[in-house]
Amino acid sequence: MKNHTGMSGMSKEDILELLRDVADTFAGLARQGGRALMRLPLPRLMLLCIGVAFMLTILPLAFALFIVFLGVKLVLLLSVLAVRKSRRRPLAFGAGLGEAGAPGPQAGVDKDEEK
């Protein structure tokens with residue numbers, strides 16, 4: 001196996017050799033895993049299958065539900081913040097006017113100046 005440290009100057013043959021090395025490594029791991037599975041007793045093999053099924057089905061479902069509920073929470077938070085922000089802003093057409101169109105304390109008239 002060659003030392004594959006640099007990508008500059010790699011020829012087509014070097015890339016093919018690297019891919020062969022990777023394929024041989026994966027094949028060796030698969031053979032080793034197959035031998036380990038053949039040595040497992042059936043109850044442990046069943047537990048392993050249940051664990052793999054759990055990892056492939058229940059965890060992605062839980063993750064998807066987490067993302068959905070996080071999105072719903074974010075939408076509700078943004079809507080509540082928008083409502084609060086709109087309540088704080090005075091209305092543009094009636095800003096500064098009290099009842100019946102008379103200027104009120106909001107129009108810049110201080111209560112102390114009125115006396």
Side-chain angles (χ1 to χ4, degrees):
M1 187 163 126
K2 275 189 173 179
N3 186 8
H4 304 287
T5 57
M7 288 299 289
S8 64
M10 287 187 75
S11 67
K12 184 178 178 180
E13 290 82 23
D14 292 336
I15 294 173
L16 289 176
E17 183 180 348
L18 176 64
L19 290 175
R20 278 190 219 107
D21 288 343
V22 169
D24 288 342
T25 303
F26 279 125
L29 286 174
R31 279 192 297 272
Q32 185 179 359
R35 280 189 232 120
L37 283 176
M38 293 302 288
R39 282 183 266 151
L40 274 179
L42 285 179
R44 282 207 181 176
L45 187 60
M46 187 177 73
L47 285 175
L48 180 68
C49 290
I50 290 172
V52 169
F54 176 76
M55 296 291 287
L56 291 176
T57 57
I58 296 174
L59 286 181
L61 176 66
F63 182 68
L65 287 174
F66 171 74
I67 295 297
V68 166
F69 285 120
L70 189 67
V72 168
K73 180 181 175 182
L74 183 65
V75 167
L76 289 174
L77 175 70
L78 290 176
S79 65
V80 166
L81 289 177
V83 167
R84 284 185 183 176
K85 189 174 183 181
S86 68
R87 285 184 184 171
R88 287 185 188 161
R89 249 188 262 149
L91 298 176
F93 61 87
L97 296 179
E99 288 186 37
Q106 309 94 322
V109 179
D110 226 357
K111 287 185 179 182
D112 293 335
E113 292 178 15
E114 288 178 9
K115 293 183 182 178

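If you're wondering where the values come from, they're calculated on a predicted model, not measured in any experiment. Atom set for the values below is all heavy atoms of this structure, side chains included, hydrogens, waters and symmetry mates excluded. By convention here, the first residue in the shown sequence is residue 1.
Atom CG in L77 sits 10.5 Å away from atom CG in L70 (nearest 0.5 Å). A distance of 12.5 Å separates CZ of R39 from CZ of R44, quoted to the nearest 0.5 Å. Rounding to the nearest 0.5 Å places NZ of K85 at 10.0 Å from CZ of R88. Note: D24 CG to E17 CD = 10.5 Å, rounded to the nearest 0.5 Å. For the atom pair CZ of R20 and CD of E13, the computed distance is 9.0 Å after rounding to the nearest 0.5 Å. Separation of atoms NZ (K73) and CZ (F66) is listed at 8.5 Å; rounding is to 0.5 Å.
When hydrophobic clusters are built by joining Ile, Leu, Val, Met, Phe, Trp and Tyr residues whose side-chain heavy atoms come closer than 4.5 Å, directly or via intermediates, F69 is not grouped with V75.
The hydrophobic cluster containing I50, built from Ile/Leu/Val/Met/Phe/Trp/Tyr side-chain heavy atoms closer than 4.5 Å, also comprises M46. The hydrophobic cluster containing L74 also includes L78, under a criterion of side-chain heavy atoms closer than 4.5 Å among ILVMFWY residues, counted directly or through chains of members. Through direct or indirect side-chain contacts shorter than 4.5 Å among Ile, Leu, Val, Met, Phe, Trp and Tyr, V52 is connected to L56.
Put simply, the side chain of I15 does not reach to within 4.5 Å of the side chain of K12, judged on heavy atoms.
For L42, the CG atom sits in a loose shell: 12 or fewer heavy atoms of surrounding residues, nucleotides or ligands are nearer than 6.0 Å.
Of all the heavy atoms in S79 and L76, the pair that sits closest is OG-O, 2.8 Å. Residues T57 and A53 come closest through the heavy atom pair OG1-O, 2.6 Å.
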